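Presented below is the structure to which this report refers.
A note on names: the letters A, B, ... follow the listed sequences, proteins ahead of strands, and every chain is numbered from 1. None of the values given here were measured: they were computed from a predicted structure.
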Amino acid sequence: MPQDFAPRILTWFDQHGRHDLPWQRDTSPYRVWVSEIMLQQTQVTTVIPFYQRFMAAFPGVADLAAAPQDQVLHLWTGLGYYARARNLHQAARQVCEQLGGEFPADVEGLMALPGIGRSTAGAIVSIAHGERAAILDGNVKRVLARYHAVPGWPGTTAVHKTLWEIAERYTPAERCADYTQGMMDLGATLCTRSSPQCPRCPLAADCAAHAMGRETDFPGKKPKKTLPVRRTRFLMLRDGDGRAWLEKRPPQGIWGGLWCFPEGEDLDPTHWCLDTIGRAPDAIETWPGFRHSFSHYHLDIEPILVELGNSPGLVMEANRQLWYNVRQPPAIGLAAPIAGLLQQLAHQDLAKE
DNA sequence: AACGCGGGGTA
DNA sequence: TACCCAGCGTT
């Protein structure tokens, strides 16, 4: 272990790191926390506009705690992994109701909040409080796995443990916030997955993977398995005013808490209408199918437009169902494919004028 | 089409 | 402890 590991990161960070990210302007625990949750599974360039909208709507933890869940999920629409938003909202409520509105200042306390694990807690402690705490996000894993040529996939307990030990050892007491940001920047901008720019890297001189010319062999790859394919139909019910019928999904499971078209593998539009509103639809139009992929399966979606005309006869259960007006979209959470289809409906609506 | 990304939940 | 679950953007 070289003594100058952290100093090399810090010198590089001062010269080449990112210093103008929105969450670096004011590093309060709340702002750092929201940014870290958004940055889980999501790259910086994607996160920036979401972060800015979120902060404009909820400048402080009390604003978030007081917001309706639909608004929180609305601002998360398109980011994915919606459990992050539900946990964020729940944690904000806990901070306000049980902790007097103050975030815990230590890793243990932070980890007691939903959605905060060891790495996210470390990021908040180091960046917001300036205290020594290690992180191990995907970027840092890649940098350390290459630097030490740690074999194996970090998803296994053994490799994960090894990387955490290395991360803890290198984390300095001084300038811990800059070190943390520097490691993430290094992984995100130089030590990238497929084409690392080793000539510019402050660690290249004694990087084990670089010495072997096998940078992209580390970290080891996740064992691949073929994903199952499932299919479903979306019934896009439209009333005479061009509004679409949506139903709120249960809080658990896929797209939890988001709004969706009536959906099912073998839904038949005519049968559905007869069963639900007692008459057949005015018109049915099958749209081109498309595939939406999750981490654990592919979903082949068949969208079917079902025209109900005036007085559709659907009874709304408050908070569970709504007519979505494409001209005045309500602030609700939508999964990406639903948002895309509603966008197309809005386009059609506009073209009719 | 494959890949990568932190954390929660469950057996 | 070892899986399974979750949704995008990038390559």
Side-chain angles (χ1 to χ4, degrees), chain A residues 32-51 73 75-91 94 107 110-124 134-146 152-161 163-164 167 180 183-184 187-189 191-196 216-230 232 249-258 260 290-301 333-340:
Chain A
V32 172
W33 169 55
V34 173
S35 73
E36 288 299 324
I37 301 299
M38 286 190 174
L39 287 164
Q40 293 169 1
Q41 287 90 10
T42 314
Q43 299 216 334
V44 165
T45 53
T46 306
V47 162
I48 288 172
F50 285 87
Y51 182 80
L73 290 171
L75 290 163
W76 213 268
T77 290
L79 261 188
Y81 281 106
Y82 298 93
R84 291 185 291 172
R86 298 196 302 271
N87 286 332
L88 196 75
H89 193 206
Q90 181 56 38
Q94 278 186 33
V107 168
L110 286 164
M111 284 179 70
L113 294 169
I116 300 184
R118 184 174 172 188
S119 185
T120 302
I124 296 170
I135 66 156
L136 190 64
D137 73 351
N139 290 311
V140 177
K141 280 180 198 165
R142 196 164 51 249
V143 171
L144 295 179
R146 285 175 178 169
W153 174 54
T156 66
T157 308
V159 176
H160 202 239
K161 189 161 168 278
L163 291 174
W164 263 113
T180 295
M183 286 294 283
M184 294 193 290
T189 65
C191 195
T192 59
R193 177 161 65 93
S194 11
S195 46
T216 56
D217 288 349
F218 303 92
K221 295 191 195 319
K222 177 183 180 171
K224 63 175 115 189
K225 47 182 169 185
T226 50
L227 300 182
V229 180
R230 302 181 195 172
T232 193
R249 299 180 66 93
Q252 306 296 329
I254 190 171
W255 296 336
L258 304 188
C260 191
F290 60 93
R291 172 167 289 190
H292 182 79
S293 290
F294 299 100
S295 41
H296 53 313
Y297 64 93
H298 300 291
L299 186 63
D300 284 340
I301 297 169
L334 302 165
I338 315 295

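Remark: P of C/dC3 and NZ of A/K222 are 13 Å apart, rounded to the nearest angstrom. As a whole-Å value, the separation of A/R142 CZ from C/dT11 P is 11 Å. Nucleotide C/dC8 holds its P atom 9 Å from the CZ atom of A/F50, rounded to whole Å. Taking atom OH of A/Y81 as the reference point, atom C1' of C/dG7 lies 6 Å away to the nearest angstrom. The distance between atom CH2 of A/W255 and atom C1' of C/dC8, rounded to the nearest whole Å, is 12 Å. Atom CD1 in A/I301 sits about 13 Å away from atom P in C/dG7, given to the nearest Å. Atoms CZ (A/R193) and C1' (C/dT10) sit 7 Å apart, rounded to a whole Å. The distance from atom CG of A/L227 to atom C1' of C/dC4 is 13 Å, rounded to the nearest whole Å.
Look at the P atom in both C/dT11 and B/dG6: the space between them is 16 Å, to the nearest Å. Here the separation of C/dT10 from B/dG7, taken at their P atoms, is 22 Å to the nearest Å. B/dT10 sits 16 Å from C/dG7 when the P atoms are compared, rounded to a whole Å.
Comparing A/T45 and A/R84 against DNA chain C, the residue whose closest nucleotide sits nearer the 5' end is A/R84.
Looking at A/T42, its side chain does come within 3.5 Å of a backbone N or O of A/Q40 through a donor-acceptor pair.
Picking from C/dT10, C/dC8, C/dG7 the nucleotide with the shortest atom distance to the side chain of A/Q43 gives C/dT10. The nucleotide whose nearest atom lies closest to any side-chain atom of A/A335 is, among C/dC8, C/dA2, C/dG9, C/dC8.
Of all nucleotides in DNA chain B having an atom under 4.0 Å from a heavy atom of chain A, the first and last in 5' to 3' order are B/dC3 to B/dG8.
Phosphate proximity of C/dT10 to A/S194: absent, as no side-chain N or O sits under 4.0 Å from OP1 or OP2. Contact check, A/Y82 against C/dC8: a side-chain N or O comes under 4.0 Å of OP1 or OP2.
Taken from CZ in A/R146 to OG1 in A/T216, the straight-line distance is 7.0 Å, to the nearest 0.5 Å.
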What verdict does the ring-ring contact (aromatic ring centres under 6.0 Å, His included) test give for A/F290 and A/H292, after you've listed the backbone C-alpha separation in whole Å, the side-chain angles of each residue and the deciding distance to 0.1 Å? CA-CA 7 Å; A/F290 60 93; A/H292 182 79; 7.6 Å; no

